[in-house]
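Reviewing the structure listed below.
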Amino acid sequence: MLAFQDYYPENVAHCYGCGRLNEQGHQIKTYWEGDETVTRFTPRPEHTAIPGFVYGGLLASLIDCHGTGTAAAAMYRAENRAMDSLPAFRFVTGSLHVDYLKPTPLGPTLEIRGRVKEIKGRKVIVEATVYADGIATARGEIVAVQMPESFTA
């Protein structure tokens, strides 16, 4: 099964967090699981904040890219369209709010779960939670805005 990010057109597949064409990036992969979306990511040693714990900026990045991918998939789902149909939906971050609930240990694979809170015109609001070993460590809300065609190079 292909991830949401596998459907991104080449001209918008370079994002550090979710771009499949960015060899140095996180290259996250997001999928539907029922009405939720899920991404799994294993932090590397360079993602350390203090020994044994993940840097908060990484968590924000994962929530951000998980949210924009969820927004795109939700828009396709709302329009009953396949993810490879044109015109392509691609979203950018209008706002991102992250609450750090507890320190996130370095070591376990993180699971980011998202739910679509609202779709309104060109805007999708997504709630996402980061789990480490089943324990919620960060929660965020992303306001994703459909990217205008003029935004691409």
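Hydrogens, waters and symmetry mates play no part in the numbers below; they use all other heavy atoms, side chains included.
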Exercise. Passes side chain to side chain contact (heavy atoms under 4.5 Å, CB included), Val98 versus Leu59? Steps please.
Worked result: CA-CA 9 Å; Val98 179; Leu59 302 176; 5.6 Å; no
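- Between Glu127 and Thr129 there is no side-chain heavy-atom pair separated by less than 4.5 Å.
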For this session: Kindly indicate, with the supporting measurements, whether the criterion side chain to side chain contact (heavy atoms under 4.5 Å, CB included) is fulfilled by Ile125 and Val143.
Result: CA-CA 5 Å; Ile125 301 174; Val143 176; 4.2 Å; yes
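- Here the side chain of Gln5 pairs a donor or acceptor atom with the backbone of Thr30 at under 3.5 angstrom.
- One finds the CZ atom of Arg122 at 8.0 Å from the CE atom of Met75 (value rounded to the nearest 0.5 Å).
- Residue Glu46 places its CD atom among more than 12 non-hydrogen atoms of other residues, nucleotides or ligands, all under 6.0 Å distant.
- A tilted orientation is assigned to the rings of His47 and Phe41, their planes being inclined by 30° to 60°.
- When the side chains of ILVMFWY residues are joined at heavy-atom separations under 4.5 Å, either directly or via intervening members, Leu58 and Tyr16 end up in two distinct hydrophobic clusters.
- At least one side-chain heavy atom of Arg20 sits under 4.5 Å from a side-chain heavy atom of Lys29.
- Side-chain atoms of Gln27 come within 3.5 Å of backbone atoms of Asn22 as a donor-acceptor pair (strictly under, hydrogens ignored).
- With a 4.5 Å cut-off on side-chain heavy atoms, Leu62 and Thr39 do not count as touching.
- Between the side chain of Arg90 and the backbone N or O of Met147 there is no donor-acceptor pair closer than 3.5 Å.
- Note on Tyr100 and Leu106: same hydrophobic cluster, where clusters join Ile, Leu, Val, Met, Phe, Trp and Tyr whose side-chain heavy atoms are under 4.5 Å apart, directly or indirectly.
- Remark: Tyr131 OH to Leu110 CG distance equals 12.5 Å, nearest 0.5 Å.
- Under the 3.5 Å distance criterion, the side-chain polar atoms of Thr70 are matched with a main-chain donor or acceptor of His66.
- The hydrophobic clustering, which links ILVMFWY residues whose side-chain heavy atoms are closer than 4.5 Å, places Trp32 and Val126 together.
- Applying side chain to side chain contact (heavy atoms under 4.5 Å, CB included) to Val124 and the options Ile119, Thr68, Ile142 leaves one that passes, Ile119.
- Atom OH of Tyr76 sits in a crowded spot, with more than 12 heavy atoms from other residues, nucleotides or ligands closer than 6.0 Å.
- Here Asp64 contributes atom CG and Ser95 contributes atom OG; the two are 10.0 Å apart, rounded to the nearest 0.5 Å.
- The heavy-atom pair separating Leu21 from Glu10 by the smallest distance is CD1-O, 3.7 Å.
- With values rounded to the nearest 0.5 angstrom, Phe4 atom CZ is found 6.0 Å from Thr37 atom OG1.
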Problem set entry | Check against side chain to side chain contact (heavy atoms under 4.5 Å, CB included), Cys15 and Tyr8 | CA-CA 10 Å; Cys15 174; Tyr8 291 175; over 6 Å; no
Problem set entry | Audit row: His26, Ser61, side chain to side chain contact (heavy atoms under 4.5 Å, CB included) steps and yes/no | CA-CA 9 Å; His26 304 317; Ser61 178; 3.7 Å; yes
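- Between the CG atom of Leu2 and the OH atom of Tyr31 there is a distance of 7.5 Å, given to the nearest 0.5 Å.
- When hydrophobic clusters are built by joining Ile, Leu, Val, Met, Phe, Trp and Tyr residues whose side-chain heavy atoms come closer than 4.5 Å, directly or via intermediates, Leu96 is grouped together with Tyr55.
- Side-chain contact between Asp35 and Arg77 is present, with heavy atoms from C-beta onward closer than 4.5 Å.
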